[in-house]
Amino acid sequence: MRYDVLIIGGGPAGNYLAGLLAGKVDVAVVEKKGSFGGKACTGIIGAQNYEKLGLPREAVLNEVRGALFYSRIQSFEVARKNPQAYVVDRKTLEKALAERAVKRGADYFMATTFRGFKNGKAVLQHFNERFEVEADVYVGADGVSSTVARAIGAKSRAEFLSGYEVEVVGNFRKDFVEVWVNKEIIPDFFAWLVPVSEGLARVGTFGDMESLNRFLRVRMLNPTSVIEFKAGSVGLGWRKPWTSGNVALLGDAALQIKPTTAGGIVFGAICARELTRAVLSGDLQSYEKACSWVKRQISFGLRFRKLFLRMNQNDIERIFEVLSSDEVRAIIEAQADFDDHLRTAKAVLKRPKVLAKLIRISPAIVRALL
Ligand SMILES: Cc1cc2nc3c(=O)[nH]c(=O)nc-3n(C[C@H](O)[C@H](O)[C@H](O)COP(=O)(O)OP(=O)(O)OC[C@H]3O[C@@H](n4cnc5c(N)ncnc54)[C@H](O)[C@@H]3O)c2cc1C
């Protein structure tokens with residue numbers, strides 16, 4: 001069997017890429033699971049990029065237009081008129097992308113695991129049967145623990161975090177997410193509450209399970225109202241190289257994920273577009289350079305993450321005081337971008353008064369953000 005492009009991994013990144021390439025080249029996707037979905041993922045995706053990238057509408061369960069931020073002792077709200085993010089159903093998202101790719105001509109090998117490369121061919125396993133597939137280009141879109149990345153000897157310089165998430169029944173504000181930054185209960189990250197509807201929300205954090213349990217208690221959510229529990233992991237940092245010979249890495253396999261929020265679906269899809277261009281132009285090596293916007297965002301996110309890890313709760317309270325001022329909230333409401341956090345930070349730091357206040361808290365903050 002032979003293809004122009006063989007994509008290993010049928011998650012959002014692999015399926016999206018398959019849809020972009022199908023009909024233009026012979027493409028196949030190998031997915032180890034027998035069906036889509038099931039991964040731990042809150043499924044919150046910036047609305048603007050969702051539309052721009054042409055992600056499937058049928059996966060959208062809810063639209064959010066604002067956020068409520070809580071520290072240990074303060075809170076503030078930012079809101080817009082229009083939806084800023086969509087909450088999606090992961091299974092529907094992955095399946096709709098795969099359906100689109102098949103309709104355009106892609107082949108799918110479900111319940112088939114990539115085992116490694118042998119003599120330039122991919123060795124695949126479907127239950128007890130092993131077979132080989134040859135391709136001009138191989139794409140590892142097989143997630144954070146990528147076998148393809150290992151096969152090409154890619155090296156990671158990253159922080160790997162476990163994420164825990166539940167779906168809980170309660171009463172929620174349907175169009176607002178909650179972001180809780182309180183190191184005393186959640187030392188490693190922030191905790192989020194993302195409403196799926198007025199009666200159901202996804203609540204999670206990264207770090208350890210105890211942090212999530214503490215947060216559920218503080219947020220007064222009933223542990224016996226939890227109707228789904230999922231755990232997964234993310235890698236915040238770099239995995240290099242993104243291409244080696246005729247093999248490219250995409251999505252979480254290349255750690256194309258926002259270190260600020262651990263959202264990866266949009267970055268994976270943006271890089272899939274660049275990878276499509278590189279494949280169609282016959283210049284695979286141009287792919288990594290073409291993803292410079294995503295790389296800049298990751299760089300910024302890593303600086304932000306480093307800063308967050310160094311801060312104590314008193315520092316966070318002082319930053320909340322600045323962020324909750326009318327001036328900063330107005331900037332965020334006017335200019336914040338769900339995926340472009342670098343632009344948001346620059347817009348905030350452009351204001352001399354805000355800049356002066358942040359420098360008073362710590363010059364390191366301003367250095368890290370710029
Ligand atoms: C708790 C948590 C919450 C998150 N919330 C969000 C969020 O709200 N928004 C957001 O944008 N991102 C979120 N993320 C990150 C997001 O889930 C990932 O960035 C996204 O899934 C990456 O997509 P991908 O296709 O690159 O990889 P994956 O989704 O991991 O897909 C990889 C696919 O490859 C398959 N595979 C693996 N190995 C093989 C093999 N050897 N052979 C064949 N197939 C293989 C897997 O079965 C899987 O289907 C969250 C992550 C976690 C852990």
Side-chain angles (χ1 to χ4, degrees), residues 6-18 28-46 49-50 53 55 59 64 85-91 93-95 97-98 108-117 122-126 133 138-151 160-167 177 189 191-194 196 202-207 209 212 228-236 239 249-272 275 338-339:
L6 183 70
I7 301 168
I8 294 134
N15 290 341
Y16 184 70
L17 176 70
V29 177
V30 177
E31 169 52 49
K32 77 172 172 190
K33 290 183 299 191
S35 60
F36 294 108
K39 191 181 168 355
C41 177
T42 307
I44 184 158
I45 302 177
N49 273 318
Y50 201 88
L53 292 161
L55 293 169
V64 294
Y86 295 148
V87 185
V88 304
D89 179 71
R90 266 291 291 242
K91 187 179 172 83
L93 175 76
E94 291 176 20
K95 211 170 161 184
L97 289 171
Y108 269 70
F109 295 90
M110 296 299 290
T112 302
T113 303
F114 166 81
R115 292 287 174 207
F117 293 112
V123 179
L124 307 178
Q125 183 163 358
H126 178 65
V133 173
Y138 298 97
V139 177
D142 51 343
V144 65
S145 314
S146 172
T147 313
V148 179
R150 225 174 310 130
F160 290 91
L161 287 171
S162 300
Y164 302 91
E165 183 180 77
V166 296
E167 268 195 11
V177 296
F189 213 75
W192 62 86
L193 183 150
V194 172
V196 177
R202 295 176 182 157
V203 177
T205 191
F206 286 95
M209 186 55 213
L212 181 60
E228 191 170 273
F229 172 82
K230 282 183 183 161
S233 62
V234 289
L236 310 179
R239 181 172 282 158
L249 300 178
L250 178 71
D252 275 18
L255 306 188
Q256 289 161 352
I257 191 157
K258 260 182 272 176
T260 39
T261 62
I265 294 173
V266 161
F267 282 11
I270 290 174
C271 291
L275 184 51
F338 195 85
D339 295 302

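Every value quoted in this text rests on a predicted model; they were computed, and no experiment measured them. Atoms within a ligand are numbered from 1 in the order they appear, just like the ligands themselves.
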Quick check on ligand 1: any N or O pairs to the protein under 3.5 Å? One line per pair.
from	atom 1	to	atom 2	distance (Å)
ligand 1	5 (N)	T42	N	3.1
ligand 1	8 (O)	G43	N	3.0
ligand 1	8 (O)	I44	N	2.9
ligand 1	9 (N)	I44	O	3.0
ligand 1	11 (O)	G264	N	3.1
ligand 1	11 (O)	I265	N	3.0
ligand 1	12 (N)	G264	N	3.1
ligand 1	14 (N)	A262	O	3.3
ligand 1	17 (O)	R90	NH1	3.2
ligand 1	19 (O)	D252	OD1	2.7
ligand 1	19 (O)	D252	OD2	3.4
ligand 1	21 (O)	R90	NH1	2.8
ligand 1	21 (O)	R90	NH2	3.2
ligand 1	25 (O)	P12	N	3.3
ligand 1	25 (O)	A13	N	3.0
ligand 1	26 (O)	D252	N	2.9
ligand 1	29 (O)	R90	NH2	2.9
ligand 1	41 (N)	F114	O	3.2
ligand 1	42 (N)	F114	N	2.9
ligand 1	44 (N)	K32	N	3.1
ligand 1	47 (O)	E31	OE2	2.6
ligand 1	49 (O)	E31	OE1	2.7
ligand 1	49 (O)	E31	OE2	3.2

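- Separation of the Y138 and F114 ring centroids does not fall under the 6.0 Å cut-off.
- The distance from atom OG1 of T113 to atom CD1 of I8, rounded to the nearest 0.5 Å, is 11.0 Å.
- Scanning all heavy atoms of the two residues, the minimum distance from W192 to T42 falls at NE1-OG1, 2.8 Å.
- Applying the salt bridge (Lys or Arg N to Asp or Glu O under 4.0 Å) test to every pair with at least one member in residues 33-45, sequence neighbours left out, gives no pairs at all.
- Just one of T260, I45, N49, I270 meets the side-chain contact (heavy atoms from CB on, under 4.5 Å) condition when paired with D339; it is N49.
- In terms of heavy-atom proximity, A149 sits nearest to A253 at CB-O, 4.3 Å.
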